[in-house]
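All remarks here apply to the structure that follows.
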Protein chains: 4
Amino acid sequence: MTGPKTAGGYSRIQTQKRAAIFAAALEIFARHGLRGASLEAIAAEADMSKQNLLYYFDGKEAIFVELIQQLTDLWLEPLAQIDPAGEPVAEVLAYVQRKLVMSQNHPRESRLFATEILQGVPHIKHLYEGPMKAMVDRTVALLQTWMDAGQIRAVDPHDLLFSIWANTQHYADFSAQINLIKPMTREERYANAERFLTDMYRALLVVQD
Amino acid sequence: MTGPKTAGGYSRIQTQKRAAIFAAALEIFARHGLRGASLEAIAAEADMSKQNLLYYFDGKEAIFVELIQQLTDLWLEPLAQIDPAGEPVAEVLAYVQRKLVMSQNHPRESRLFATEILQGVPHIKHLYEGPMKAMVDRTVALLQTWMDAGQIRAVDPHDLLFSIWANTQHYADFSAQINLIKPMTREERYANAERFLTDMYRALLVVQD
Amino acid sequence: MTGPKTAGGYSRIQTQKRAAIFAAALEIFARHGLRGASLEAIAAEADMSKQNLLYYFDGKEAIFVELIQQLTDLWLEPLAQIDPAGEPVAEVLAYVQRKLVMSQNHPRESRLFATEILQGVPHIKHLYEGPMKAMVDRTVALLQTWMDAGQIRAVDPHDLLFSIWANTQHYADFSAQINLIKPMTREERYANAERFLTDMYRALLVVQD
Amino acid sequence: MTGPKTAGGYSRIQTQKRAAIFAAALEIFARHGLRGASLEAIAAEADMSKQNLLYYFDGKEAIFVELIQQLTDLWLEPLAQIDPAGEPVAEVLAYVQRKLVMSQNHPRESRLFATEILQGVPHIKHLYEGPMKAMVDRTVALLQTWMDAGQIRAVDPHDLLFSIWANTQHYADFSAQINLIKPMTREERYANAERFLTDMYRALLVVQD
DNA sequence: CATGAATGAGGATTCATTCAT
DNA sequence: TATGAATGAATCCTCATTCAT
């Protein structure tokens, strides 16, 4: 037995260790990327030996893949919460805000995700063809309905989504740049951002008579 | 060291070879990142031997740094072209468009830049403290003037810039994601994007009476 | 150590498990050699955990040694059945046939044995100095008696034995080569071989007037 | 460039180093098998660093495969020298003798080859389907002709070849066993063997009126 | 200018084995 | 009797880089 990979469920200690490894891996991967990260570094961060780490995972890439798959859920959550029955403009603005909060609270997760996409999504293509696409399609259809009903301005719904992703994630993914250009506390930064993005998307979406 | 690094200028053949190496390095770095790229791969792409490559550059990192420094100019160019004497809204929209064209024509450069920022700008901090900051400050000041004069809507000028960067670069940097979610020809993609972004920033910036 | 190695005899369950391990080990060792085989593989083949396996044996080498010691008996059996009172040529030919049947029915055992000898008999030297040598010496003496009496042709009795071993075991040990050169069902193969070897050794041994 | 593997030909130093590596690898592989051998050991035997060794070869298995391919030629040589126009019995006996000399002079090569076959010929199947099969087929046809003409006794020609291989190689491959059973100088051993095998195959092949 | 040769440092895995339960 | 957890020792291999020519 090389490890607990065979079992269907995980014991308490397994769950704990795996969580510790995920946390460490997130830290290291977000900082150095998949290739740049070393098992040694992850193991050190997780306060265990490299071999013990390999007892729980099949290898570096396996950790990466499992980790990034988990992030997908995190990423989709704010989207899932859009209420079709809500007030359209408010719903979109609330989504923007949720995404922004996510960036604020999970910047490393966001950067890890960004790295994967920048490299061409080599590890999670299947997620895009499955759950991700389904959720996006649902949302696009909803936005289209609202546009057709004249409840929000008619623009390309895909581009609208892309824009929201770009804007909200930017504050996490490119924070190094932002901090060099305009140093600021994180709280101020995100308060500002929320104000700005709310203004922008309200201006865009509210239908003028 | 017998290499050309001692001289003040470069001979014709040196310039040629360096250009070939830069082109190859851009290709490889954009695809695999700094750590993921191997000298071997760059050398192969540039059609020369690894050692010959090292005759022209001090090492992998040296290539990367010189390369990314060059990109800064490219990146700043659209910003430099904003005309303080022009019509404010039109000037900003033209800037958006120039950035978008840049993304369309230089996606690898954009991704390389994004990688560097994602990793925390470890190699070009000095550029941000120098030319980059100067240009950004100038632009922010100009935007502020226009806002104070009521010529464009008053928002945080930094956030406005961040938003433009995020939106325009997103189509290059995250194209893998975009293509998975909504496959499209590049031309259509960017035509759509231009329409959307123009709509959005006009809605944002035009001052309502 | 809580294992069963302390006791003088083995309980029923111990005997069963040990047999299962021997069977699995034979399979794996014959396929990959001592070094090439992994405890993991043997454990999987025996349908138990690596640790449980180590509860019954002191280690990989211990399994190997015990296993190969058992094979010695198998290997010597045909030799022991030579009847000093029998008709000499017939006795030798019958021995050839028994060895051939052994090869046919126990090819993995034969290969395992061959591997050990090829590596220089690192694990069972003592057997050669003990029971094996005794049995061989007995047989050589018997053959010499028959030769002295003119009942079989006078050749070097050791070389005769070596030849019989080489010829009969060849069909098991080098079956991969044989099958590549001349594919055939196992039954045909051994029927052919028996005919050929009988012809050869009869031609060799029968004394011409 | 990771090494000289790309070129069509080899420079002097390359040829020398490769030869040294082959010699060392033969020694180590013959003693420990493919899995049991370590690059470290081969490098030490060849008096060079592990990395230098890897500069010349792609890896352990690559060395093994190239080495064993070379052995094939050695192995086939005695077979190629059988003269279709010669006296049949003498030709076969001369072949037996050549194979025996080969075993005497190249025991490690013989053992290495034996190891590969014992493991099921995992690395040189293609050789069997190509040059090896051709040469064997040619010889079998020749033997059959001689048998049909009544010049040697009619037996299965394949079995005859297998027998010659088994007998001659046995003295190299299983020398450890032989030496334990009957210690002897190498010269005596092979002189004995030659006498015995000549007797046996002459007895087998000479046609009785 | 160019390249063949060589190497040191690092990094991922494998695997037998120990230990506690 | 059985197994989950952990580890030390090897071992293969990659890769940037140096050196000599």
Side-chain angles (χ1 to χ4, degrees), chain A residues 1-4 6-7 10-14 16-17 35-43 48-62, chain B residues 1-4 11 13-14 17 35-43 48-63, chain C residues 1-4 11 13-14 17 35-43 48-63, chain D residues 1-4 6-7 10-14 16-17 35-43 48-62:
Chain A
M1 192 70 71
T2 325
T6 44
Y10 295 111
S11 74
R12 187 154 16 96
I13 189 159
Q14 282 168 18
Q16 275 176 9
K17 288 270 187 170
R35 295 287 291 259
S38 77
L39 278 186
E40 187 111 289
I42 298 174
M48 59 178 74
S49 77
K50 204 163 52 168
Q51 293 105 317
N52 194 196
L53 191 156
L54 285 165
Y55 173 71
Y56 287 99
F57 289 91
D58 272 333
K60 189 164 73 160
E61 193 151 315
Chain B
M1 193 67 68
T2 348
S11 74
I13 187 160
Q14 283 168 10
K17 288 272 187 171
R35 296 288 290 257
S38 77
L39 277 188
E40 183 104 40
I42 299 174
M48 60 178 72
S49 77
K50 205 165 53 168
Q51 297 99 318
N52 195 198
L53 191 155
L54 284 164
Y55 174 74
Y56 289 100
F57 288 91
D58 271 335
K60 187 163 76 160
E61 198 142 324
I63 305 176
Chain C
M1 194 67 69
T2 348
S11 74
I13 188 159
Q14 283 168 10
K17 288 273 186 173
R35 296 288 289 257
S38 78
L39 277 187
E40 182 104 41
I42 298 174
M48 61 178 72
S49 77
K50 205 163 53 166
Q51 297 98 319
N52 195 198
L53 190 155
L54 284 164
Y55 173 75
Y56 288 99
F57 288 93
D58 271 334
K60 187 163 75 160
E61 199 141 325
I63 304 177
Chain D
M1 190 72 70
T2 327
T6 44
Y10 294 111
S11 74
R12 188 152 17 95
I13 189 158
Q14 282 169 17
Q16 275 175 9
K17 287 272 189 169
R35 294 286 292 262
S38 77
L39 278 186
E40 187 110 290
I42 298 175
M48 60 178 72
S49 77
K50 204 164 51 169
Q51 293 105 317
N52 194 196
L53 192 156
L54 285 165
Y55 173 70
Y56 287 99
F57 288 92
D58 273 333
K60 189 164 73 160
E61 193 150 316

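Residue numbering restarts at 1 for every chain, and letters A, B, ... go by the order of the sequence lines. Just so it is clear, the model here is predicted, and its values are computed rather than measured.
- Between Tyr56(C) and the phosphate of dA2(F), there is a side-chain N or O to OP1/OP2 separation shorter than 4.0 Å.
- Put simply, Lys17(C) has a side-chain N or O that comes within less than 4.0 Å of OP1 or OP2 on dA2(F).
- For Glu40(D), the side chain to side chain contact (heavy atoms under 4.5 Å, CB included) test picks out Ser38(D), Lys50(D), with sequence neighbours left out.
- Expressed to the nearest 0.5 Å, how far CD of Gln51(D) lies from CG of Leu39(D) amounts to 10.5 Å.
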> Given Watson-Crick or G-U pairs with both distances under 3.5 Å, what dot-bracket string fits DNA chain F, with | for other-strand pairs and [ ] for crossing?
Replying inline: .||||||||||||||||||||
Can you check nucleotides 11-13 of chain F for protein contacts, nitrogen or oxygen pairs under 3.5 Å, and list what you find?
unit_1  : atom_1 : unit_2   : atom_2 : d
dC12(F) : OP1    : Ala37(D) : O      : 3.4
dC12(F) : OP1    : Leu39(D) : N      : 3.0
dC12(F) : OP2    : Leu39(D) : N      : 3.3
dC13(F) : OP2    : Lys60(D) : N      : 3.1

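- Between the C1' atom of dA6(E) and the CZ atom of Phe57(D) lies a distance of 16 Å, rounded to the nearest Å.
- For Glu61(D), there are no salt bridge (charged side-chain N to carboxylate O under 4.0 Å, His left out) partners two or more places apart in sequence or in a different chain.
- In the set dA2(E), dA2(F), dA6(E), the nucleotide with an atom closest to the side chain of Tyr55(D) is dA6(E).
- One can place CG of Leu53(C) at 14 Å from P of dT1(F), the figure rounded to the nearest angstrom.
- Side-chain nitrogen and oxygen atoms of Ser11(A) include at least one within less than 4.0 Å of the OP1 or OP2 phosphate oxygen of dA5(F).
- Considering all non-hydrogen atoms of both residues, Ser49(D) and Ala43(D) come closest at C-CB, 3.9 Å.
- For the OP1/OP2 pair of dT3(E) and a distance below 4.0 Å, the side-chain nitrogens and oxygens of Ser49(B) include at least one atom meeting the criterion.
- How far CD1 of Ile42(C) is from CD1 of Ile63(C): 5.0 Å, rounded to the nearest 0.5 Å.
- Under the side chain to side chain contact (heavy atoms under 4.5 Å, CB included) criterion, Lys17(B) pairs with Ile13(B), Met48(B), Asn52(B), Tyr56(B), sequence neighbours left out.
- Residues Met48(A) and Ile13(C) each lie close to DNA chain F; by heavy-atom proximity, the contact nearer the 5' end of the strand is made by Ile13(C).
- Of the candidates dA6(F), dT3(F), dG4(E), the closest approach to any side-chain atom of Asn52(C) belongs to dT3(F).
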